[in-house]
Amino acid sequence: MTTRNDCLALDAADPLARLKDQFSLPDGVIYLDGNSLGAMPKATAARVQQVIAQEWGQDLIKSWNTAGWMDLPSRIGDKIGRLIGARPGEVIVADSTSLNLFKVLSAALRIVKADRPGRTVIVSERSNFPTDLYIAESLAEQYGATLTLVDSAAEIPAHLNDSLAVLMLTEVNYRTGARHDMRAVTAAAQAAGALTVWDLAHSAGAVPVDLNGANADFAIGCGYKYLNGGPGAPAFVWAHPRHADRFWQPLSGWLGHAAPFQFSARYQPAAGIKRYICGTPAILSTAALECGVDTLLAAEPLGGMTALREKSLALTDLFARLAEERCGTLGVTVVSPRDAASRGSQVCLALNDPLTEAGYAVIQALIERGVIGDFRAGDPARLDQVPHILRFGFTPLYVGFADVWDAVEHLHQVLSTEQWRQARFNQKAAVT
Ligand SMILES: *Cc1c(COP(=O)(O)O)cnc(C)c1O
């Protein structure tokens with residue numbers, strides 16, 4: 001049985017532990033929601049202040065050239081590329097995850113239409129993040145395609161046939177933390193003649209990703225989760241070089257033009273991934289994103305994503321094990337995959353009958369105690385398959401082993417004292 005002292009010893013021996021110093025986290029908080037909104041790097045406030053006071057305030061419009069504003073989307077894209085197995089020049093930062101998905105899915109559909117006409121099916125998972133499904137639904141209608149949703153990864157192979165145009169998946173599921181084998185799934189989809197679009201929202205900065213190694217077709221991801229870019233941070237987009245120049249992306253804006261300052265009346269897309277830029281980048285939030293990405297690159301001398309992944313697996317394994325050992329008899333079940341290769345950097349718990357509906361209140365009670373996770377409602381019609389979930393993200397940059405122990409201790413107390421029944425924990429807020 002693991003004790004709190006064992007956890008303190010693990011923290012003392014952890015060379016990554018000092019990376020927590022990069023973050024400004026409130027005292028007494030165990031932050032297990034970096035999968036939803038990454039913590040704030042200390043460097044961010046000073047950097048944004050510099051952009052405001054000096055670059056904007058003093059240097060005004062000159063800063064597009066002199067402060068490198070124009071290059072920010074590519075420069076930060078290259079840094080993100082180091083985390084996801086993309087080469088320099090293959091990634092740019094722009095817009096939101098939803099918008100970037102719209103661009104790449106549209107491009108993928110156009111490529112398939114040109115190369116293999118007659119393929120009109122987009123396959124995804126019903127459990128994918130809703131925005132991904134909504135964007136696909138809209139594009140399916142525009143392109144005369146069909147969106148087919150599977151209920152589990154095991155059903156995917158049955159859809160790898162000659163009507164499949166695009167397989168669109170999120171590598172790590174936002175609810176359960178279940179992770180696809182990107183390399184194997186990509187190879188299978190391509191062998192069936194289809195293209196793949198990967199959403200890396202819960203992968204970039206959380207698990208090692210090798211887009212080129214996996215020979216993926218398109219990928220997009222989020223700036224404000226594990227990349228610590230700040231609320232609503234710009235997202236990123238990658239297209240394999242064999243596809244990047246094939247078609248216009250649908251949001252053909254002026255900054256994706258080959259020569260924006262010729263102000264030509266006709267669109268001529270920039271070469272490569274730069275055409276995936278639409279309009280003027282949001283410099284304040286893009287500058288903040290760079291500080292977030294830098295917190296991950298700071299791990300490079302310590303083993304980079306491989307070392308972070310190793311710690312993340314140790315943290316998630318410990319949390320799952322302690323939650324079962326200490327809270328199993330209080331109604332807690334671990335619903336994330338236990339097999340290391342099949343999970344991301346989060347652990348999800350469900351509560352058994354008669355506590356099935358208590359999840360939201362339990363999370364609220366934990367938050368009051370300083371243990372911040374979140375709640376994701378299940379499907380009321382299929383609670384047996386899609387239960388209400390208590391979701392805990394583990395960011396190895398700033399979460400330690402004693403934090404895991406303490407979080408489970410708080411969970412134990414909330415459940416054993418039935419503290420969650422108190423009325424204030426049962427009032428639903430807009431964001432859960
Ligand atoms: C968080 C997340 C998004 C967020 O999209 P936004 O456009 O930033 O709101 C999209 N897809 C997945 C899979 C996510 O987890």
Side-chain angles (χ1 to χ4, degrees), residues 32-39 73 76 80 84 92-106 108 122-139 147 149-150 153 166-180 182 185 196-207 209 211 216 218-238 249-251 276-279 281-282 285-286 288-289 292-293 336 343-348 373-377 386 389 391-395 430-432:
L32 305 181
D33 220 352
N35 52 322
S36 206
L37 175 63
I76 304 170
I80 294 171
I84 59 174
I92 50 111
V93 162
D95 304 318
S96 66
T97 309
S98 304
L99 279 171
N100 288 332
L101 179 62
F102 183 83
K103 299 172 196 169
V104 299
L105 183 56
S106 170
I122 305 165
V123 167
S124 192
E125 291 180 283
R126 197 177 308 281
S127 63
N128 201 343
F129 192 79
T131 205
D132 297 49
L133 301 181
Y134 304 159
I135 295 284
E137 199 179 336
S138 162
L139 282 171
L147 176 62
L149 302 181
V150 298
V166 179
L167 179 61
M168 180 193 84
L169 296 172
T170 296
E171 188 198 15
V172 175
N173 185 277
Y174 80 104
R175 282 173 53 88
T176 62
R179 180 190 188 211
H180 287 288
M182 182 188 287
V185 173
T196 53
V197 169
W198 289 99
D199 189 329
L200 304 179
H202 292 272
S203 307
V207 299
V209 177
L211 288 171
F218 291 95
I220 46 118
C222 186
Y224 53 77
K225 291 172 179 160
Y226 292 94
L227 297 184
N228 306 315
F236 65 87
V237 52
W238 174 85
Q249 55 99 350
L251 303 176
Y276 282 79
I277 296 174
C278 178
S285 48
T286 307
L289 172 62
V293 174
S336 300
R343 71 173 188 269
S345 200
Q346 67 184 61
V347 176
C348 297
D374 61 27
F375 172 78
R376 289 293 175 261
V386 189
I389 270 178
R391 194 171 71 147
F392 302 95
F394 295 85
T395 306
V431 175
T432 62

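We count ligands from 1, going down the list as the structure has it; atoms in each ligand are counted the same way. Quick note: residue numbers are just sequence positions, from 1.
Ring-plane geometry between His202 and Tyr226 is classed as perpendicular, the angle between the planes exceeding 60 degrees on a 0 to 90 degree scale with a lower cut at 30. Using cut-offs of 30° and 60° on the angle between ring planes, the pair Phe218 and Tyr276 is tilted.
Within the 4.0 Å heavy-atom criterion, the part of Ala201 lying near ligand 1 is the side chain and not the backbone. Residue Asp132 touches ligand 1 through its side chain alone, judged by heavy-atom distances below 4.0 Å.
Nearest protein neighbour of atom 7 (O) of ligand 1, counting heavy atoms only, is Ser98 OG, 2.6 Å. In this structure, atom 8 (O) of ligand 1 lies nearest to the protein heavy atom Tyr224 OH, 2.7 Å.
Distance check: Met182 CE to Leu211 CG gives 5.5 Å after rounding to the nearest 0.5 Å. To the nearest 0.5 Å, atoms OH (Tyr134) and CG (Asn128) are separated by 11.0 Å.
Taking a cut-off of under 4.0 Å to the non-hydrogen atoms of Ser96, the atoms of ligand 1 that pass are 7 (O). Distances below 4.0 Å separate heavy atoms of Lys225 from the following atoms of ligand 1: 1 (C), 2 (C), 3 (C), 14 (C), 15 (O). Against a heavy-atom cut-off of under 4.0 Å, His202 is close to the following atoms of ligand 1: 15 (O).
The heavy atom nearest to atom 10 (C) of ligand 1, considering only Leu133, Asn173, Thr131, Thr170, is found in Thr131.
Considering only heavy atoms from C-beta on, Thr432 comes within 4.5 Å of Arg376 through its side chain.
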- Message: If you apply the rule side-chain contact (heavy atoms from CB on, under 4.5 Å), what do you find for Val237 with Gln249, and how did you get there?
- Response: CA-CA 12 Å; Val237 52; Gln249 55 99 350; over 6 Å; no

